[in-house]
Every structure is written in C-alpha cells, then in structure tokens.
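First up is the structure itself, then whatever we jot down about it.
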Amino acid sequence: KSQPPLVWHWIPFLGSAPAYGRDPIAFFRDCREKYGNVFTFILLGRRVTVTLGPQGNDFVLGGKHTQLAAEPVYGPLTTPIFGKDVVYDCPNEKLMEQKKFVKVSLTIDKFRAYVGMIDDEVKDYLNTDPSFKVYQMDDINEWGTFPVLKAFSEITILSASRTLQGREIRESLTKEYAQVYSDLDHGFTPLHWMIPGLPLPSYRRRDAAHTKMSSFYQSILRKRRENPSENQEEDVMNSLMKQRYRDGKQLPDHEIAHILIALLMAGQHTSSSSLAWAVLHVAARADIQEALYKEQVQHFGTPDGGLRDFGYDEIRDLNILDAVVRETLRLHPPIHSIMRKANVDIPVPATLGTPSEDSVFVVPKGDIVLASPLISQVDPGVWDNSESWEPTRWYDEKGVAAKANKEYNEGEKIDFGFGLVSKGTVSPYLPFGAGRHRCIGEQFAYLQISTVISSLVRRMEFRYEGTFPAPDYSSMMVQPVPCQIHYRRRRF
Ligand code: HEM
C-alpha cells in the first residue's frame with residue numbers, strides 16, 4: 001500500500017512551511033487540486049498528512065486516541081503555558097476526566113448569572129476605555145473609531161475572567177497581573193510551538209509568567225480553603241475544588257490552577273477573534289445590523305422607547321443574533337488546523353478519495369495528521385455562496401427556523417438551539433471540533449459572543465469603511481489584520 005502523495009517543495013527541511021504559514025487555506029486548496037483530498041507536506045522537517053472534506057474531518061477527529069494522539073502535537077505549545085499534569089501533559093483518560101469536571105461548572109444555572117455580568121463588563125468597558133471616548137460624550141451624532149483587536153481581546157478576557165475565573169482573578173486583571181497575562185499570551189505563537197525552548201526573552205518571560213500565575217491561583221485556592229464561608233462564588237475554581245477523580249483523589253491545587261489557566265487561554269483567542277470578525281461583518285452590512293437592532297427592540301423594547309436588560313433564556317430566542325454567530329464561525333473558525341500524531345501505520349479510508357479503487361493509502365507511523373474543517377465550511381459543493389458572510393442562510397424570511405445548507409437539511413434533525421449539535425465527526429461544519437477532543441466551551445462561547453454583540457448593537461451603530469480586512473494566519477488563531485471600526489452612540 002502506498003503513502004499519500006508528497007507535496008513538491010524546493011528546500012528539504014523547510015518544505016512547504018512558507019506556503020502553509022502564509023495562507024493555509026490557499027495552500028490546502030492548491031494541493032487538493034493537484035493531489036486530491038489526501039496529501040503529505042513537509043513542515044520544518046516533519047511530515048504532515050492532510051485529509052480534507054467531511055470524511056477527512058472524520059478520519060482525524062473520530063480516530064482512536066491510541067492511534068491518533070493529540071498530546072505529542074499540542075503539548076510542546078501548551079504545557080509551558082498551562083503547566084504540569086493537565087490537558088496535554090497527562091494521559092488522555094485523565095484529560096477526559098478533567099473535561100468532565102469543567103463541564104459540571106458550565107451549567108445553564110451558571111449561564112443565567114453570567115449574562116448580566118458580561119453585559120456589565122461591556123458597559124464598564126465602553127464607559128471607561130479611551131478608545132470609546134466618543135461613546136462617553138453626550139453628543140450622539142459624533143462618530144469615533146476603535147481598534148478591533150485590542151477592544152475585543154480586552155472585552156473577552158474581562159468577561160471570561162469575571163464569569164469563569166472568579167472575583168480575585170478578575171480584580172487582578174486591571175492591576176499587577178495584566179503584564180503577566182500578556183507575557184503568557186506572547187508564548188502562544190506558532191514559533192513557540194514549532195521550536196520549543198529557544199533561548200529568547202519571550203520564552204523566558206512566558207515561563208516566568210506561568211510560574212507567577214500558577215502560584216497566584218494556588219494562593220487564592222489556599223485562602224478559599226482557609227475561609228470557606230467567605231468564598232461561596234459560583235465559579236469554576238470552587239466547582240473544581242469539590243471534584244474527585246475516579247480513583248477517589250481530589251484535584252491537587254496545582255492541577256486546579258493549571259486547568260484554570262488552560263481555560264483562560266483556550267477561550268481567549270478563539271472568542272476574541274470570533275467577536276472581532278462578527279462585529280466587523282455587522283459593521284460592513286447595514287441590513288444585518290438593522291435586523292439585529294430590530295430584534296433587540298422587538299424582544300426587549302420598553303414603552304418609553306428604551307431597552308430592558310436581557311437574560312440567558314431570552315437571548316437564546318434571538319434567531320438573527322444566533323445566525324450571525326453561526327455564520328461567523330462558518331467563515332472564520334478560529335482554529336484552521338486540527339492535528340494528531342499517528343502512533344501506528346493507519347490506512348486511509350477509500351471514501352476519502354484515493355486515486356483509484358484498488359489503491360489505498362497508508363499514513364505511516366510518526367506522521368502528523370491534519371484536518372481543516374475550514375475547507376469544508378467554505379466548500380462550494382456544500383454551501384451556496386460559500387465565500388460570503390450571509391447569516392440569512394440560517395433563517396427563513398420570517399426570521400425563524402434554519403434553512404441552513406443542503407447537507408444539513410437532508411441529514412439528521414439538528415438542534416438549532418444554542419450551539420449546533422454535532423452530527424458526530426462526519427460533518428462539513430465543525431468549528432468546535434468533534435469526537436473526544438471536542439470543545440467543552442461551545443455553550444459558554446456562544447453565550448459570551450452573543451451577549452457581547454447584543455450589548456454592543458443596542459448601544460451603538462457601527463460602520464466599516466474600506467476594503468474588508470484579510471485574515472492574518474501568522475497568529476495562532478485566524479484573526480483579522482489590525483483595523484478600526486467606526487461607531488456612534490445610539491439613544492439608549
Ligand atoms: C477544544 C474551538 C472556545 C475550551 C476545541 C477544539 C476546537 C475548539 C476546534 C478541538 C481541538 C482539537 O480537536 O484538536 C473553539 C472555538 C471557540 C472555543 C471556535 C470559541 C468561539 C472555548 C472556550 C473554552 C474552550 C470559551 C473554555 C471555557 C476547550 C477545551 C477543549 C477545546 C478544554 C478540549 C481540548 C481537548 O480535548 O483536546 N475548541 N473553542 N474553548 N476547547 Fe474550545
């Protein structure tokens with residue numbers, strides 16, 4: 001049995017790193033045209049076998065963890081940031097238990113409390129951040145601009161820490177720990193991933209920041225244990241303190257600390273880049289912006305022309321808002337490459353598009369395998385107008401029900417409530433992954449992103465001028481290149 005075709009390249013060790021790094025999507029499309037849905041490329045001396053399309057997604061995401069492991073691929077990036085004994089620095093069975101512990105603390109009851117907290121964070125941010133100076137003035141006709149990446153990364157970290165991380169962490173963010181977060185964050189880059197342990201200042205600062213953060217969390221844990229009656233917060237830390245592994249052991253403090261750091265990092269870039277794309281599109285599409293605002297008025301309008309606060313159960317009913325988030329995650333899923341390492345030789349299923357009926361590829365042991373749900377999420381064979389941001393594809397003329405796309409309508413029944421219920425690992429739409437490594441933050445992310453958008457569109461109008469910003473693939477998550485959005489205060 002043969003190996004998948006090798007993508008042609010000039011320089012042996014470098015391989016296709018420049019093309020993949022510059023624009024992975026163009027690179028994958030180009031390779032698919034030349035080699036089909038399965039091919040191997042060289043990335044800094046490593047062999048990476050890509051399997052595209054819904055079946056390719058299934059091959060990687062539905063693989064047995066004994067055969068396709070995430071830890072050896074992601075560990076070098078994440079362990080120095082998250083810390084020891086969690087996520088990819090422990091056996092997969094332990095990660096599954098840790099994910100279950102976190103899920104327990106991401107319940108609907110907690111979400112109900114979170115909506116108000118996130119709305120408050122947005123309000124405070126608009127009232128205090130210098131980028132929103134015009135918002136803070138009385139003249140509602142004045143237009144200002146704000147920098148997209150900065151605003152959404154700050155709103156994301158403030159709202160995620162207020163809700164998930166607990167009071168002490170939220171308070172520390174505006175004080176001495178802002179720099180520590182930033183140093184840790186600067187260790188979350190493709191360079192730190194591909195070449196671990198370089199003697200550079202960013203690596204040293206990352207490691208120092210991890211040590212400081214970990215001890216800070218652990219000192220909070222000790223205080224909470226000493227004064228249990230004072231600390232009854234409904235946050236993830238308290239919930240983790242009550243959990244036990246299957247063998248009856250409690251989570252040691254350093255593991256609780258490291259799980260919290262992992263959650264902060266896992267949710268930060270994913271949610272903030274999704275928010276940035278969503279609001280940019282809304283700013284560039286007056287009709288959708290108007291529809292979003294009308295939806296707010298229809299559901300929350302008060303007799304005096306104002307808008308009342310909204311709750312978790314209520315924003316779940318906002319179909320246009322839901323479609324805006326869903327469509328943004330289709331076109332801009334923050335994670336473009338999902339990877340595992342092959343522990344054994346693995347045959348590629350023939351349905352994946354092998355060149356002829358009788359030749360089946362084998363991915364050799366040691367290869368990294370890679371799925372890119374983004375490719376199937378913009379496949380013109382599945383989606384009408386696949387390259388355009390069109391939230392209307394997810395609802396009908398009356399603003400209800402999802403007409404979605406051909407595949408889904410013909411497939412199984414899908415829950416179009418909060419968060420798309422995945423149909424398993426064979427799907428063209430997988431922004432949150434699938435299988436055992438599937439995201440546990442999906443419901444929280446939907447809640448966070450939807451709440452921030454609601455908070456913003458009810459208070460401001462947006463406008464985007466000029467060429468729509470291109471995706472920047474040089475950071476870990478696909479975010480827009482630096483850009484500004486125009487805003488003006490509404491009479492609210
Ligand atoms: C895993 C996407 C937000 C925590 C994943 C995976 C994807 C993903 C694609 C699978 C990775 C893989 O299979 O290799 C997203 C997107 C988000 C988001 C698009 C927001 C728009 C969050 C948030 C949290 C979170 C807010 C935490 C509160 C996790 C965790 C995993 C995960 C713990 C599991 C990793 C594993 O089992 O290997 N996410 N995520 N994510 N995500 Fe998210």
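Atoms within each ligand, like the ligands themselves, are counted from 1 in listed order.
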Worksheet item: Thinking salt bridges, do Lys365 and Asp345 make one under a 4.0 Å N-O criterion?
Response: no
Worksheet item: Do NZ/NE/NH1/NH2 and the carboxylate oxygens of Glu97 and Lys100 come within less than 4.0 Å?
Response: no
Worksheet item: Among side-chain atoms of Asp85 and His258, is any donor-acceptor pair under 3.5 angstrom?
Response: no
Worksheet entry | Modelled atom types, side-chain donor and acceptor of Gln479 and His332, under 3.5 Å | no
Fill in: Ile453: which of Val122, Val325, Ile315, Thr328 passes side chain to side chain contact (heavy atoms under 4.5 Å, CB included)
Val325
Discussion item. Once rounded to the nearest 0.5 Å, what's the spacing between atom CD1 of Ile335 and atom CE of Met477?
Written reply: 4.5 Å
Worksheet item: Atoms of ligand 1 less than 4.0 Å from Ile338 heavy atoms?
Response: 9 (C), 12 (C), 13 (O), 14 (O)
Discussion item. Show the atoms of ligand 1 that are less than 4.0 angstrom away from any heavy atom in Ile440.
Written reply: 30 (C), 33 (C)
Report the part of [X] in contact with ligand 1, treating N, CA, C, O as backbone and CB onward as side chain, heavy atoms under 4.0 Å; options are side chain, backbone, both, neither.
{"X": "Val87", "answer": "neither"}
{"X": "Leu95", "answer": "side chain"}
{"X": "Gln268", "answer": "neither"}
{"X": "Lys99", "answer": "side chain"}

Discussion item. Using the ring centroid of each side chain, check whether His254 and Tyr217 are separated by less than 6.0 Å.
Written reply: no
Worksheet entry | Taking atom 3 (C) of ligand 1 as the reference point, the nearest protein heavy atom with its distance | Thr270 OG1, 3.4 Å
Worksheet item: Do any N/O atoms on Arg438 end up under 3.5 angstrom from N/O atoms on ligand 1?
Response: no
Worksheet item: Would you say Ser271 has any N or O atom under 3.5 Å from an N or O of ligand 1, going by distance alone?
Response: no
